[in-house]
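Read through the structure below, which is laid out as structure tokens, and then see the notes.
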Amino acid sequence: MGKQISILTRIHLCNFLKFNEFRYTKDQGKKWKMASMAGLWVLLIAMVCFYVSMLAYGYVVIGLEDVLPMYLTAISGLLIFFFTILKAGSVIFQKKSYEILCVMPVSQTAIVVSRFLGMYLGNVILSLVVMIPGMAVYAYFQKPGFGFYFFGIVGTLFIPLLPMTIATVFGALITAVSSRMKHTSMVRTILSVLLVLVIMGGSSALTQVEGEITATMLQDLSGVVEKIMGRMYPPAVWLGEAMTEGNIGTAGLYFGVSILCFLLMIVFVSKNFQKICQRLYSTNAKHDYQMSHLKSNSVLKTLYKKELKRYFASSIYVTNTIVGPIMMVLLSAAVLFMDTRQLSEYLPMADRIIDFMPFALAATSCLITTTCTSISMEGKEWWIVKSLPIDAKELFDSKILMNLSIIAPFYLISEVLLMIAFRPGMVDAIWLVVLPVILMVFACVFGITINLLFPVFQWENEVTIVKQSASSMIGGLGGCLFIILCALPVLLVEQISPNLMKGIIAVLVLGITFVLYKKNGKVRLQEIGE
């Protein structure tokens with residue numbers, strides 16, 4: 001069985017990393033794109049390492065170095081949980097590979113273990129990226145003993161086990177509940193989003209400190225942080241104490257709980273793998289079709305309806321792209337209920353928040369646009385689209401309209417909340433409404449441009465496109481970064497009034513959007529992906 005696990009894991013990693021495709025393809029353009037993607041990953045990892053290092057340095061400066069290891073552990077665990085819960089069901093109980101492997105002489109345990117190992121290796125990299133820079137900063141200033149390095153390195157390798165176990169349970173439950181209902185994808189999406197919101201709300205409630213913060217509490221700020229960590233994620237406290245104090249008891253508790261929960265999950269899934277897959281993917285066909293009146297629509301409307309159906313048919317697609325608009329509403333609600341005058345006493349330029357909010361709305365709503373992966377989401381059916389008598393402009397217009405339709409309800413709610421919160425004058429109100437729309441349209445067109453540069457049609461799992469593709473990373477992060485850069489002149493240039501600067505930026509963004517839009521429309525569908 002060990003050999004089967006090794007082979008299946010290598011196959012999974014080769015498919016994930018596209019190693020064989022890069023090694024054997026003779027298409028130099030494809031090799032360049034894959035090399036660019038690898039370089040982008042390296043750059044992203046370097047940025048995360050730099051951010052974690054600065055965060056760790058800040059903790060040391062304010063005297064919270066004792067809680068730094070447990071804080072990094074909690075952050076790693078939460079990141080792994082959120083990344084895993086959205087894909088656990090589709091990776092562990094993947095339908096296509098199950099249909100292939102179930103007829104082969106391969107044990108169910110080998111299949112399950114190999115899939116868990118594939119997810120584990122990816123999550124270990126994430127935990128190392130977060131833990132190692134923070135540990136390095138801590139070690140430089142504190143000069144800890146051998147126990148810190150031993151428990152830190154070994155503990156980092158065990159960080160993914162417990163979050164993966166919990167995420168797999170929730171992911172499997174969501175998949176199981178939704179698969180027995182009529183609108184499977186819609187129910188799965190709603191359950192996933194609700195779970196994320198509940199966890200975010202629960203985390204916020206757990207981090208509340210009872211009563212007012214006194215001077216004594218400020219002096220013992222590390223104790224307050226440790227108490228909060230203990231509420232949110234007790235294993236982080238166990239590993240943190242093992243690293244800073246060399247506490248073997250808490251180290252044993254951490255390793256024991258992590259290993260035991262993970263092994264129990266593997267044993268349970270292995271014994272029930274076939275039953276779970278059969279229950280998840282068995283369907284009852286109903287032959288009650290009746291002929292009714294046929295309707296005809298314009299090409300754009302037909303393509304638009306097709307995009308909406310494709311979007312809501314994928315829970316992974318919806319869950320990953322709907323978080324940004326939800327954050328936009330939450331941000332607007334937070335502004336409504338906070339005291340901006342009191343905030344200005346603690347944060348620089350807080351009195352300029354009304355100038356920053358149009359950019360903040362657009363940035364949060366466009367964290368991951370649907371357009372940056374909408375072409376790749378066509379997958380193996382792309383040949384059908386290429387054979388249709390339609391122009392690229394009509395296809396891309398339908399994808400842009402679909403993206404804007406998803407954002408529109410959240411945008412309207414956010415605008416109402418902000419109007420109530422700020423009660424702005426006429427000019428500020430116009431920019432608060434118009435500028436986010438301009439930036440959102442740019443982000444949608446920019447997403448199409450990026451997906452044209454990095455189209456991927458040969459994929460087996462939607463997670464590969466929505467979460468791990470070059471177009472999703474560049475299209476989402478690149479558009480968001482561009483919007484933030486647009487905000488800097490408004491906040492930093494004092495020689496020009498903010499409203500005039502907003503007008504200049506609006507004209508520039510509209511010009512860039514128009515150029516990209518015209519360029520995208522000239523592409524021939526038959527040449528995409530060739």
Side-chain angles (χ1 to χ4, degrees), residues 41-42 44-84 116-117 119-167 203 207 220-263:
W41 274 107
V42 172
L44 183 61
I45 290 174
M47 291 173 61
V48 173
C49 290
F50 176 77
Y51 172 77
V52 173
S53 300
M54 292 298 99
L55 180 66
Y57 177 74
Y59 265 62
V60 173
V61 169
I62 63 176
L64 292 179
E65 62 275 0
D66 290 339
V67 300
L68 180 59
M70 67 180 68
Y71 182 78
L72 294 174
T73 303
I75 293 296
S76 302
L78 289 174
L79 287 175
I80 291 170
F81 175 80
F82 280 113
F83 277 111
T84 304
F116 270 109
L117 278 177
M119 285 202 305
Y120 169 78
L121 293 174
N123 289 329
V124 160
I125 295 175
L126 177 58
S127 62
L128 289 172
V129 168
V130 175
M131 293 294 293
I132 296 300
M135 290 173 57
V137 173
Y138 180 93
Y140 178 80
F141 287 99
Q142 298 301 116
K143 305 295 188 298
F146 173 77
F148 171 81
Y149 299 99
F150 176 77
F151 290 123
I153 294 174
V154 177
T156 300
L157 301 178
F158 281 79
I159 286 177
L161 299 185
L162 197 56
M164 282 176 58
T165 302
I166 300 172
S203 300
T207 55
D220 189 25
L221 190 56
S222 60
V224 176
V225 176
E226 183 174 353
K227 184 179 180 180
I228 293 174
M229 288 294 110
R231 291 178 180 177
M232 292 180 59
Y233 192 55
V237 178
W238 303 339
L239 181 59
E241 291 181 354
M243 293 171 63
T244 56
E245 303 174 9
N247 192 325
I248 299 178
T250 56
L253 183 62
Y254 172 78
F255 293 129
V257 171
S258 300
I259 295 173
L260 180 62
C261 292
F262 190 67
L263 289 179

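Note that the structure is predicted; figures quoted are calculated from it, not measured.
- Residues Gly134 and Ala56 come closest through the heavy atom pair CA-CB, 3.9 Å.
- Take Phe148 and apply the ring pair (Phe, Tyr, Trp, His ring centres under 6.0 Å) test, not counting sequence neighbours, and it matches Tyr138.
- Annotation: Met54, atom CE; neighbour count of heavy atoms from other residues, nucleotides and ligands within 6.0 Å is above 12.
- Taking each heavy atom of Val52 and Val130 in turn, the nearest pair found is CG1-O, 3.1 Å.
- For the atom pair CD of Glu241 and CG of Asp66, the computed distance is 10.5 Å after rounding to the nearest 0.5 Å.
- Residue Leu121 qualifies as enclosed at atom CG: its count of foreign heavy atoms under 6.0 Å is above 12.
- For the atom pair Ile80 CD1 and Ile75 CD1, the distance stands at 11.5 Å (nearest 0.5 Å).
- Here the closest heavy-atom approach between residue Pro69 and residue Gly240 is recorded as CB-CA, 4.1 Å.
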Using atom types as modelled, flag every donor-acceptor pair under 3.5 Å from a side chain in residues 149-166 to any protein atom, sequence neighbours excluded.
residue : atom : partner : partner atom : Å
Thr156  : OG1  : Gly152  : O            : 2.6
Thr165  : OG1  : Leu161  : O            : 2.8

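- In this structure, Phe255 and Trp238 have side chains that are not in contact, with every pair of non-hydrogen atoms separated by 4.5 Å or more.
- Considering all non-hydrogen atoms of both residues, Ser53 and Cys49 come closest at OG-O, 2.8 Å.
- The 12-atom threshold is not exceeded at OH of Tyr140, counting heavy atoms of other residues, nucleotides or ligands nearer than 6.0 Å.
- Considering CD1 of Ile45 and CG of Leu126, their distance stands at 9.5 Å, rounded to 0.5 Å.
- Considering only heavy atoms from C-beta on, Met131 comes within 4.5 Å of Thr73 through its side chain.
- Taken from CG in Leu55 to CG in Leu68, the straight-line distance is 7.5 Å, to the nearest 0.5 Å.
- In this structure the side chain of Phe116 reaches within 4.5 angstrom of the side chain of Met119, judged on heavy atoms.
- With sequence neighbours excluded, no residue satisfies ring pair (Phe, Tyr, Trp, His ring centres under 6.0 Å) with Tyr254.
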